[in-house]
Amino acid sequence: MIRFAIVGTNWITRQFIDAAHETGAMTLHAVYSRSQSQADAFVADYPCQQTFTSLDALATCPEIEAVYLASPNALHCQQARLFMSHGKHVICEKPLASNLAEVEQMIACAREHQVVLFEAFKTASLPNFQRLRQALPDVGKLRKALLSYCQYSSRYPRYLNGEHPNTFDPRWSNGSVMDIGYYCLAAAVTLWGAPARVQASATLLESGVDAHGVVVLSYGEFDVTILHSKVSDSSLPSEIQGEAGALVIEKLAECQQLIFAPRGGEKKVLSEPQQSNTMYYEAADFARLVAQRQVEHPGLAVSRTTAALLTEIRRQTGVIFPADRAAV
């Protein structure tokens, strides 16, 4: 049983704890919050052995083997390095960090201290995403892909009312492409690696982050168009087109349904039922890596390439974070 702690007491943390316990390989040992009252309220629903209001105290606790980070993006690098330097394995919510420089620091720290660093990109661990990878040859020669994730943020009205929710605040290294556009970008990198070229455009809010945008990844004989938005909704599925047919994916982040449409033939459903809590699969993958002490794993290369692309996309669209200036 891997004894883990959580940093961040929000809805996604609750979902991860449930998923981690479902694996049977992990058990919640500690909760961190800046507020003791908030930590106490959280453990009323998720009982555990300890609570912390000090990150340093959590990092030095010998009973804790791993930490799940669900803090704001701008804090990921500093916090992950603290825990890894004390021998803790880290599973960190996506995006792994604010920029490429921070991601490289985190990977170097994991290697130095021989601990697992794992980006919580759940899509890559889903059974239906694995089925998608297996089915790619069925479409024949690749020509086009459209990966779409556009969802009106529940926090956008607060922003319009003059508030400063983290989602639309550059201080926390956030915005559309860093949030939901990430799923499309990391999925493309997982499937096809680094592109030869990237072109990006976006509409920025007055706060300085992107509200929505378009990214085109060029892979030689085929290209991938990414649509992302935090200020509009879409029911459009994602699609991968080849000369022999197409793969259609409903809600790419969850891979809810996968359909193969052969050119001139009958459509075929390839997807299978998945766990209702889709974070189960990433938790299981992380637990396996920790059990095997597999410090070097394929996810690190995906994380680095995705971070490099996010950094370049923001350079092209003019989105600058305070963390970028600190990295110079």
Side-chain angles (χ1 to χ4, degrees), residues 7-8 12 55 59 66-125 166 170-195 198 200 209-210 215 217 226 228 253 282 285-286 289-290 294-317 319-328:
V7 174
I12 200 167
L55 289 173
V67 178
Y68 169 72
L69 279 182
S71 51
N73 301 339
L75 303 179
H76 288 177
C77 180
Q78 179 183 6
Q79 292 178 351
R81 290 175 65 192
L82 171 65
F83 295 127
M84 291 189 292
S85 68
H86 285 86
K88 314 298 187 198
H89 306 285
V90 171
I91 175 169
C92 181
E93 264 308 322
K94 57 81 190 162
L96 194 57
S98 301
N99 51 48
L100 176 60
E102 288 190 346
V103 167
E104 289 180 332
Q105 291 172 26
M106 294 165 73
I107 292 174
C109 186
R111 288 170 172 162
E112 178 184 355
H113 296 282
Q114 286 296 288
V115 292
V116 174
L117 172 64
F118 187 85
E119 186 170 21
F121 170 44
K122 68 177 181 180
T123 307
S125 297
N166 289 0
R171 292 178 301 169
W172 302 113
S173 303
N174 227 317
S176 182
V177 76
M178 293 289 285
D179 186 0
I180 57 179
Y182 167 94
Y183 285 100
C184 302
L185 190 66
V189 171
T190 304
L191 293 172
W192 301 298
V198 56
V209 304
D210 53 336
V215 179
L217 308 176
I226 292 171
H228 63 91
E282 68 179 26
D285 281 350
F286 175 67
L289 292 173
V290 170
Q294 193 175 340
V295 176
E296 298 292 338
H297 59 89
L300 292 179
V302 172
S303 294
R304 189 194 180 282
T305 299
T306 303
L309 290 169
L310 285 169
T311 302
E312 173 59 17
I313 288 165
R314 289 194 298 104
R315 186 194 68 79
Q316 291 186 22
T317 57
V319 176
I320 300 171
F321 299 146
D324 299 327
R325 300 185 183 98
V328 174

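Reckoned from all heavy atoms, side chains included, excluding hydrogens, waters and symmetry mates. Predicted, not measured: the structure shown is a model, and the values here were computed from it.
- A253 and K122 get closest at one heavy-atom pair: O-CE, 3.9 Å.
- Closest of all the heavy-atom pairs between F321 and P170 is CD2-O, 3.5 Å.
- Without hydrogens or angle criteria, H297 side chain to G299 main chain gives a donor-acceptor distance under 3.5 Å.
- A donor-acceptor pair shorter than 3.5 Å cannot be found between the side chains of N166 and N174.
- Exactly one residue among D179, T306, T123 makes a side chain to side chain donor-acceptor pair (under 3.5 Å) with K94. That residue is D179.
- The backbone N or O of V198 sits less than 3.5 Å from a side-chain atom of Q316, completing a donor-acceptor pair.
- Using a distance-only test at 3.5 Å, with no hydrogens or angles considered, no donor-acceptor pair links the side chain of Q79 to the main chain of H76.
- Checking side-chain atoms of T190 against main-chain N and O of A124 turns up no donor-acceptor pair under 3.5 Å.
- Atom CD of E104 has more than 12 neighbouring heavy atoms from other residues, nucleotides or ligands inside a 6.0 Å radius.
- The main-chain N or O of I180 is never found under 3.5 Å from a side-chain atom of H228 such that the two would form a donor-acceptor pair.
- Listed for the E282 side chain is no donor-acceptor partner under 3.5 Å among the backbone atoms of S125.
- Residues P95 and M178 share a closest heavy-atom pair of CD-O, 3.3 Å.
- In this structure, the side chain of D210 does not engage the main chain of G175 through any donor-acceptor pair within 3.5 Å.
- Panel note: side chain S85, backbone L82; a donor-acceptor pair is recorded below 3.5 Å.
- Contact between L100 and T311 at its shortest, heavy atoms only, is N-OG1, 3.0 Å.
- Listed for the H89 side chain is no donor-acceptor partner under 3.5 Å among the backbone atoms of V295.
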